[in-house]
Undergrad: 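Sharing a structure, written as structure tokens. Questions coming.
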2 protein chains.
Amino acid sequence: MKKYNIPVEAALEVIGGKWKVVILCHLIKGTKRTSELKRSMPTITQKMLTQQLRELEADGVIERKIYQQIPPKVEYSLTDYGWSLKEILDSLCAWGEKHIERNYEDKSLVLMEG
Amino acid sequence: MKKYNIPVEAALEVIGGKWKVVILCHLIKGTKRTSELKRSMPTITQKMLTQQLRELEADGVIERKIYQQIPPKVEYSLTDYGWSLKEILDSLCAWGEKHIERNYEDKSLVLMEG
DNA sequence: TGCAATAGGTACTTTAAAGTGCCTGTCTCC
DNA sequence: GGAGACAGGCACTTTAAAGTACCTATTGCA
């Protein structure tokens, strides 16, 4: 029985941490294979990627589709419930962009190219 | 020189972690004194509260107003820049509520009363 | 024949986030 | 005159998050 003092804590439990929002922001652009996600996140480790994907799946926000073929093919996509996070993800991304621009001069925040 | 692979990482650096979103969700309801914030977050420690407030202030999203009186009085409020997070915070709160309702039966997520 | 790509699992270690405990100072109230 | 409210600071420890390293299996390709 998890208890929250404020509802937003429940949201943080699902999308909190270093990677989940980033993963979801990639999946919002469409279904992706594991290797595609990995390439989109050059600094994530295989272990963290799998782990975070499992947790997101357990929370019902993403779906895992396994193709029975060799070499293996696995695709991840947002579930309907996951799509209910779209507004949050979109505004987070937009805010991040503005924040980088705002702090470009003094704090030198830079978006990697590529 | 901080570098991000995707802009949303910049947003996570400002509002990431266990407490910042919760603090901001309280401040969105209006200016609050340190002790009020502390009471709203029964499980936060004095140290974490101060630390997170300092970081939010350094990022320009909240403002700290000190009244020169005894006993001390310090008020925290969102800056204009902080208010640009309103959309994110609102939808995060709303999503959290829905998530608790959705999982009330099977996973027993409960919002503390009081 | 041996390496790359595919999608992982598992045990272990590191590092960063969070928490504990104890300290400051002044004023009011009992 | 001691206790509590107020807003912290600082050193230290704990715990949880993240990272490293090495393992599985199959196929195609050079």
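In this text the structure is predicted, and so the values were computed from the model without any measurement.
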Undergrad: Taking the side chain as everything from C-beta on, heavy atoms only, tell me whether B/Ile28 gets closer than 4.5 Å to B/Trp83.
TA: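 Yes; the side chains approach each other to less than 4.5 Å.
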Undergrad: Ignoring the backbone of B/Ser35, work out which of C/dT6, D/dC6, C/dA7 is nearest its side chain.
TA: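 Comparing C/dT6, D/dC6, C/dA7 against the side chain of B/Ser35, the answer is D/dC6.
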Undergrad: Going by side chain to side chain contact (heavy atoms under 4.5 Å, CB included), B/Tyr76 matches just one of B/Ile62, B/Leu49, B/Leu56. Which one?
TA: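 For B/Tyr76, the side chain to side chain contact (heavy atoms under 4.5 Å, CB included) test succeeds with only one of B/Ile62, B/Leu49, B/Leu56, which is B/Ile62.
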Undergrad: Without decimals, in angstroms, what is the distance between A/Glu75 CD and C/dG8 C1'?
TA: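 Answer to the nearest Å: 16 Å.
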Undergrad: Is atom CD of B/Glu87 surrounded by more than 12 heavy atoms (other residues, nucleotides or ligands) closer than 6.0 Å?
TA: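 Atom CD in B/Glu87 is not crowded, with 12 or fewer foreign heavy atoms closer than 6.0 Å.
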Undergrad: Is B/Thr34 near enough to D/dG8 that one of its side-chain N or O atoms lies under 4.0 angstrom from OP1 or OP2?
TA: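 Indeed, a polar side-chain atom of B/Thr34 lies that close.
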Undergrad: When the distance from NZ of A/Lys20 to C1' of D/dA17 is rounded to whole Å, what number comes out?
TA: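 Going from NZ in A/Lys20 over to C1' in D/dA17 covers 11 Å.
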Undergrad: Taking a hydrophobic cluster as the set of Ile, Leu, Val, Met, Phe, Trp and Tyr residues connected by side-chain heavy atoms closer than 4.5 Å, whether directly or through intermediates, do A/Leu53 and A/Tyr67 fall within one such cluster?
TA: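 Each belongs to a different hydrophobic cluster.
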Undergrad: NZ of B/Lys65 versus P of D/dG8: gap in Å, rounded?
TA: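 Atom NZ in B/Lys65 sits about 15 Å away from atom P in D/dG8.
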Undergrad: Less than 4.5 Å apart, side chain to side chain, heavy atoms only: is that true for B/Val21 and B/Leu89?
TA: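 Contact flag for B/Val21/B/Leu89 side chains = yes.
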Undergrad: Looking only at side-chain atoms of B/Arg33, point me to the closest of C/dT6, D/dC6, C/dG8.
TA: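 Per side-chain heavy atoms of B/Arg33, the pick is D/dC6.
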Undergrad: Can you measure from CD (B/Gln52) to CE (B/Met41) and round to the nearest 0.5 angstrom?
TA: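 Answer for the CD-CE pair, B/Gln52 versus B/Met41, is 9.5 Å.
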Undergrad: Under 4.0 Å: is that the gap between some side-chain N or O of A/Arg39 and OP1 or OP2 of C/dA5?
TA: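 For A/Arg39, the contact criterion (side-chain N or O under 4.0 Å from OP1 or OP2 of C/dA5) is not met.
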Undergrad: Return the value, rounded to whole Å, for the distance between atom OH of A/Tyr76 and atom P of C/dA7.
TA: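 So the two atoms are 8 Å apart, to the nearest Å.
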Undergrad: So, B/Thr50 versus B/Gln46: side-chain donor-acceptor pair below 3.5 Å or not?
TA: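 Their side chains do contain a donor-acceptor pair, which is all the 3.5 Å distance test asks for.
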Undergrad: Using whole Å, what does the distance between atom P of nucleotide C/dT6 and atom NZ of A/Lys32 come to?
TA: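 About 15 Å, once rounded to whole Å.
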Undergrad: Can you find a side chain N or O atom of A/Arg54 that sits less than 4.0 Å from OP1 or OP2 on C/dG8?
TA: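 Checking C/dG8 against A/Arg54, a side-chain N or O does come within under 4.0 Å of OP1 or OP2.
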Undergrad: Expressed in angstrom and rounded to an integer, what is the separation of B/Leu12 atom CG from D/dA17 atom P?
TA: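 Taking atom P of D/dA17 as the reference, CG of B/Leu12 is at 16 Å.
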Undergrad: With heavy atoms under 4.0 Å as the rule, sort A/Tyr67 into base, sugar-phosphate or nothing.
TA: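 It contacts nothing in the nucleic acid.
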Undergrad: Whole Å only: how far is the CD1 atom of A/Ile66 from the C1' atom of C/dT6?
TA: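 Distance check: A/Ile66 CD1 to C/dT6 C1' gives 13 Å.
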Undergrad: Can you check the B/Glu55 CD to D/dG8 C1' distance for me, whole Å?
TA: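 Distance check: B/Glu55 CD to D/dG8 C1' gives 16 Å.
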Undergrad: Detail all sub-3.5 Å separations between protein N/O atoms and N/O atoms belonging to nucleotides 19-27 of chain C.
TA:
residue	atom	partner	partner atom	Å
C/dG19	OP1	B/Lys18	NZ	2.9
C/dG19	OP2	B/Trp19	NE1	3.2
C/dG19	N7	B/Lys47	NZ	3.0
C/dG19	O6	B/Lys47	NZ	2.4

